[in-house]
Amino acid sequence: MLKGRLALVTGSTSGIGLGIARALAQQGANLVLNGFGDADQIEALRRSLQAEFGVEVGHDGADLTRVDQIEAMVARAQGERGGIDILVNNAGIQFVSPIESFPVERWDAVIALNLSAVFHTVRCALPGMKARGWGRIINIASAHGLVASAEKVAYVAAKHGVVGITKVVALETARTAITCNAICPGWVLTPLVQKQIEARAASGGISEADARTGLLSEKQPSLEFVTPEQIGDLSVFLCSESAQQVRGASWSIDGGWTAQ
Ligand code: NAD
């Protein structure tokens, strides 16, 4: 379905981004991976995706908190690979603290990566999509793009902002074959959430298993984690022609979290 398309998935060396990259490659899309990690492991990942799906896979290690590096990454994709057809803004970080003690540098970092980077990648990639007459922009927001939790001020602000950016871009592209949508996952068991489970276990003096159950039962009525594969499949749908009129949506995949 996506043969010959080029997909840039930010933060795809781990977790949800990797799940989305795999799902898009399975449909024939060539990939630019992005994200941090051990260079040998990233190279092994790049080769294994290439071999498994028979697509071209590159890796761009741009630090998306840096505007110059975002601009250079999009320019490289344009110059070397013909331009980005599918942009998935997935890279993100979390920091948990009450607002009074929330470190200012953590606020700046979360806003730079989880919010400003989305503005910059879209700003830079959209002209190429318009020139080629087709595009898909998928922003990985969160249930926290729709509702709040205590002690996550930067994350919740950034994710609400991503939902806002998504709507604006959808309106600005409404009469084109480019769509822009957000996906709003609930809990997904990735390194980002594993850290929160460990912190919860340590502060409560409980086992990791109990911390995991506690985390789910507080927010996610299904009591089951969403998987990166499920988010990958939803991304594939949003890239399909059937989704041509899905525009500006904030699509929940959260085990019922935001239905409450
Ligand atoms: P993760 O920690 O497993 O992966 C994050 C990815 O971002 C990694 O590839 C990492 O290298 C990359 N990254 C970090 N800083 C970067 C930077 N400065 N520049 C470029 N890449 C950088 O996290 P995840 O749980 O897979 O989260 C992915 C996205 O999904 C995030 O936007 C997160 O907010 C969102 N999300 C996660 C959950 C969840 O429960 N895990 C729920 C809702 C939304």
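Atoms within a ligand are numbered from 1 in the order they appear, just like the ligands themselves. Small disclaimer: the values here were computed from a predicted structure and weren't measured.
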For Glu80, enumerate each residue passing the salt bridge (Lys or Arg N to Asp or Glu O under 4.0 Å) test, keeping only those at least two apart in sequence or located in another chain.
none
Do the side chains of Ile137 and Asn181 get nearer than 4.5 Å, heavy atoms only?
no
Would you check if Val188 and Pro228 make a side-chain contact, meaning some heavy-atom pair closer than 4.5 Å?
yes
Check this for me: Arg123, atom CZ, are more than 12 non-hydrogen atoms of other residues, nucleotides or ligands nearer than 6.0 Å?
yes
For ligand 1, list every N/O pair with the protein closer than 3.5 Å, one pair per line with the distance.
{"residue": "ligand 1", "atom": "3 (O)", "partner": "Ser14", "partner atom": "OG", "Å": "2.7"}
{"residue": "ligand 1", "atom": "9 (O)", "partner": "Gly11", "partner atom": "O", "Å": "3.2"}
{"residue": "ligand 1", "atom": "9 (O)", "partner": "Thr13", "partner atom": "N", "Å": "3.4"}
{"residue": "ligand 1", "atom": "9 (O)", "partner": "Thr13", "partner atom": "OG1", "Å": "2.8"}
{"residue": "ligand 1", "atom": "11 (O)", "partner": "Thr13", "partner atom": "OG1", "Å": "3.4"}
{"residue": "ligand 1", "atom": "11 (O)", "partner": "Phe36", "partner atom": "N", "Å": "2.8"}
{"residue": "ligand 1", "atom": "18 (N)", "partner": "Asp63", "partner atom": "OD1", "Å": "2.9"}
{"residue": "ligand 1", "atom": "19 (N)", "partner": "Leu64", "partner atom": "N", "Å": "3.0"}
{"residue": "ligand 1", "atom": "25 (O)", "partner": "Thr190", "partner atom": "OG1", "Å": "2.4"}
{"residue": "ligand 1", "atom": "26 (O)", "partner": "Ile16", "partner atom": "N", "Å": "2.8"}
{"residue": "ligand 1", "atom": "32 (O)", "partner": "Asn90", "partner atom": "O", "Å": "2.7"}
{"residue": "ligand 1", "atom": "32 (O)", "partner": "Lys159", "partner atom": "NZ", "Å": "2.9"}
{"residue": "ligand 1", "atom": "34 (O)", "partner": "Tyr155", "partner atom": "OH", "Å": "2.5"}
{"residue": "ligand 1", "atom": "34 (O)", "partner": "Lys159", "partner atom": "NZ", "Å": "3.0"}
{"residue": "ligand 1", "atom": "36 (N)", "partner": "Tyr155", "partner atom": "OH", "Å": "3.4"}
{"residue": "ligand 1", "atom": "40 (O)", "partner": "Gly186", "partner atom": "O", "Å": "3.4"}
{"residue": "ligand 1", "atom": "40 (O)", "partner": "Val188", "partner atom": "N", "Å": "2.7"}
{"residue": "ligand 1", "atom": "40 (O)", "partner": "Val188", "partner atom": "O", "Å": "3.2"}
{"residue": "ligand 1", "atom": "41 (N)", "partner": "Val188", "partner atom": "O", "Å": "3.1"}
{"residue": "ligand 1", "atom": "41 (N)", "partner": "Thr190", "partner atom": "OG1", "Å": "3.1"}

Provide the full list of side-chain hydrogen bond (donor to acceptor under 3.5 Å, both in side chains) pairs with a residue in residues 134-153, sequence neighbours left out, each pair given once.
Asn89-Asn139, Trp134-Glu241, Arg136-Gln244, Asn139-Thr166, His144-Ser149, Ser149-Lys219, Lys152-Gln196
Tabulate below the donor-acceptor pairs under 3.5 Å that side-chain atoms of residues 91-110 make, not counting sequence neighbours, or state none.
{"residue": "Ser97", "atom": "OG", "partner": "Ser101", "partner atom": "OG", "Å": "3.2"}
{"residue": "Ser101", "atom": "OG", "partner": "Pro98", "partner atom": "O", "Å": "3.4"}

